[in-house]
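Indexing begins at 1, ligand by ligand and atom by atom, following the structure's order.
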Amino acid sequence: MTGLEYGAAAGSSPARLRGSYGLFIGGSFVPGTAVFKTVSPATEEVLAEVTHGTTEDVDRAVAVARQAYERVWSVLPGRERARYLLRIARLLRDRAPELAVVESLDSGKPIRQTRDVDLPLVTAHFFYHAGWADKLAYAGFGGAGSSGAGSGGAAAAPPRPLGVVGQVIGWSSPLLMLAWKIAPALACGNTVVLKPAESTPLTALAFAEICAEAGLPPGVVNIVTGDGQTGQLVAGHPGIDKVAFTGSPEVGKEIAKSAALWGKRFTLELGGTSANIVCADADIEAAAQGIVEGVFIRQGHACCASSRVFVAQEVHDDLVAAVRERMSALRSGDPLDEATDIGAVNSRGQLDKITELARSAEADGAVRLSTPHEPPDRGFWFPPTMFAGVSQEQRIAREELCWPVLTVSSFAAPDEVVDRTNAARYGLSAGVWTRQGALSGWLAARLRAGVVWVNSFGGLDPAVPFGGFQESGFGREGGRHGLEAYLDLPGAWTPDV
Ligand code: NDP
């Protein structure tokens, strides 16, 4: 195996990449029969060879996860599970500068985003869930806390875990999505088989190294890399007790059907395309900054990217001008450069999709406002783009935008914008910009979105549940609500679509 060393942004460590990776099953890397290459979307350079998990590999991973569940993890006291989670959190913190570089290389995201936002959140998720591992009986799901133990009642057992969880995640925020899935699953006493996206497997594999370094009992976490077929094998495996999925609504629906058929629990974190609503009295400069940060920074690769802007018609032109001014100052380029705001689009497939959708928007009559952009010769690049004059009937207004693209349309009255926002297929998150507390409360109460930010956009915290309505999926990740998804509770999450 040959090692690759990359120079990184100031303050970051060089990435320690192996030339090739096996599958992480039963506590160590095991070779598989087929490999694929993961490339840097900024340069198309091959970063590493990664193993393609087959039916036999997934069978093996599920079998060792079952053994680890029954013999070790589900019978370990919560305070012991907490110690492992704390160890993982500390190792993540220690290796954060290096992991940020790997994430930027593999996903195309700018280093400022991976290092200053993603990695701190990843670590925080493990610290936060370590705190829950020995307190599940007090979380209000039944157990000591609800049986009056604090006032002298007998302590009841904490709620039971579900068993072996199959987890499949996408390419936007790969390590953060892994943390959202693995930290609560382990805190609640489950074992996991996780499949990262084909285009962004490297930080999941680095996480596997961390599990081994933390001395996590073999089989508690298994990482099986591969493509959509491997995802299907994990999500549809008869030996798992629950599926947790982050990805597109199309695949989410397939998973929901098959899980329902097998009577398995499932939670789905699906697509977004969030609305950002700018009212007539809003601070326009602040709103423009929030919009630009909400969609362009990390090149729109986020389920909660604020890609649909609704602006009160009296301030439409002012807002468009303020957003354009900021767009023209954005720098796109090398994800490892400190000065980069917008990195590379994650894969050629994603670039093709947005290129085609942008053409169709122009053909439908939307006005395209892009900033001057000279992409490097290699890699997958798309300029920051705003489409103005967008109407609800146009494709660009209806489809998910997971790229550096936003649409702007105006509204006349608050109830109109509520109706238009709620008419979307998605309901993951929304932003509201107004100086009136009463109006923000009125809007937030009516928007069918899992999270509504007021005069800000995109803040995340492990203690705050995140998840969607409608085609954005169901179930919550984070906070006390997120634990429900990994505990065997009667009447727990049922779809609200
Ligand atoms: P996909 O649904 O294409 O893929 C998601 C994962 O599922 C990948 O690991 C993929 O493998 C795998 N997969 C593909 N086909 C199947 C299948 N038939 N059965 C099981 N697994 C399968 O989504 P994207 O990778 O395009 O992810 C982007 C989507 O994720 C966007 O819609 C985005 O909004 C959403 N997202 C939602 C979040 C939330 O919290 N709600 C957070 C982040 C993203 P492979 O990579 O090899 O194709």
Side-chain angles (χ1 to χ4, degrees), residues 34 36-38 41 50-53 58 106-107 109 118 121 125 166-181 193-202 204 223-237 240 243-259 266-274 295 298-308 345-354 399-403 424-429 449-451 458 460 464-478 482 485:
F36 63 96
K37 294 176 172 52
T38 183
V50 179
T51 303
H52 188 127
V58 175
D106 208 19
S107 71
K109 269 186 170 187
D118 291 7
L121 276 171
H125 267 271
Q167 304 183 321
V168 180
I169 56 177
W171 46 264
S172 71
S173 309
L175 192 58
L176 186 56
M177 292 306 104
L178 173 149
W180 284 18
K181 296 266 177 295
V193 177
L194 178 135
K195 193 208 85 76
E198 183 181 10
S199 59
T200 53
L202 292 182
I223 306 288
V224 180
T225 46
D227 62 6
Q229 243 178 349
T230 312
Q232 218 168 3
L233 291 170
V234 171
H237 199 284
I240 60 169
V243 193
F245 176 73
T246 296
S248 61
E250 293 66 34
V251 176
K253 282 178 202 167
E254 271 181 48
I255 288 179
K257 264 191 241 162
S258 112
F266 60 99
T267 38
L268 305 173
E269 296 288 342
L270 308 179
T273 295
S274 300
V295 68
R298 67 197 161 182
Q299 63 280 353
H301 286 359
C303 50
C304 57
S306 62
S307 30
R308 287 188 304 146
V345 172
N346 181 248
S347 64
R348 184 175 294 286
Q350 293 297 324
L351 181 61
D352 291 347
K353 276 190 196 172
I354 182 54
E399 294 203 4
E400 182 179 15
L401 300 172
C402 224
W403 308 287
R425 290 165 63 194
Y426 303 105
L428 192 57
S429 59
V451 177
L460 299 170
V464 178
F466 187 88
F469 289 96
Q470 307 178 145
E471 290 197 33
S472 292
F474 68 91
R476 295 293 178 264
E477 291 186 316

Leu270-ligand 1 polar pair, N/O distance under 3.5 Å: yes
Contact (N/O only, under 3.5 Å) between Gly228 and ligand 1: yes
Do Ser172 and Lys109 have side-chain atoms, one donor and one acceptor, less than 3.5 Å apart? no
How far apart are the closest heavy atoms of Ala305 and Leu401, and which atoms are they? CB-O, 4.4 Å
Output, in order, the C-alpha distance, side-chain angles, deciding distance and verdict of side chain to side chain contact (heavy atoms under 4.5 Å, CB included) for Cys402 and Trp171. CA-CA 11 Å; Cys402 224; Trp171 46 264; 4.0 Å; yes
The answer for which part of Ile169 has a heavy atom under 4.0 Å from ligand 1 is backbone
Per-residue contact class, Leu428 against ligand 1 - non-hydrogen pairs under 4.0 Å: side chain
Within 4.0 Å of some non-hydrogen atom of Gly226, the atoms of ligand 1 are 47 (O)
When you measure from the side chain of Thr230 to the backbone of Gly53, do you find a donor-acceptor pair of N or O atoms at a distance under 3.5 Å? yes
For ligand 1, which part of Thr246 has a heavy atom less than 4.0 Å away: the side chain, the backbone, both, or neither? both
Is the closest heavy-atom distance from Ala302 to ligand 1 below 4.0 Å? no
If you take the nearest heavy atom of each of Glu250, Lys195, His301, Glu254, which one is closest to atom 11 (O) of ligand 1? Lys195
Distance-only N or O hit between ligand 1 and Ser199, under 3.5 Å: no
Residue part near ligand 1, for Asp227, under 4.0 Å between non-hydrogen atoms: both
Taking both backbone and side-chain atoms of Ser472, is any N or O found less than 3.5 Å from an N or O belonging to ligand 1? no
cation_pi(Arg476, Phe469) dist<6.0 Å, angle<=45: yes
Keeping the roles fixed (side chain from Ser472, backbone from Gly427), state whether a donor-acceptor pair exists under 3.5 Å. yes
Min over Trp171, Phe36, Phe245 of heavy-atom distance to atom 24 (P) of ligand 1 lands on Trp171
So, taking the atom named CD in Glu198 and the one named OG1 in Thr225, what distance separates them when rounded to the nearest 0.5 Å? 9.5 Å
Would Gly468 count as a contact of ligand 1 if the rule is a heavy atom under 4.0 Å away? no
Numbered in order shown, the ligand 1 atoms found under 4.0 Å of a heavy atom of Glu400 are 31 (C), 32 (O), 33 (C), 34 (O)
Have Thr200 and Asn346 got a donor and an acceptor in their side chains that come within less than 3.5 Å? no
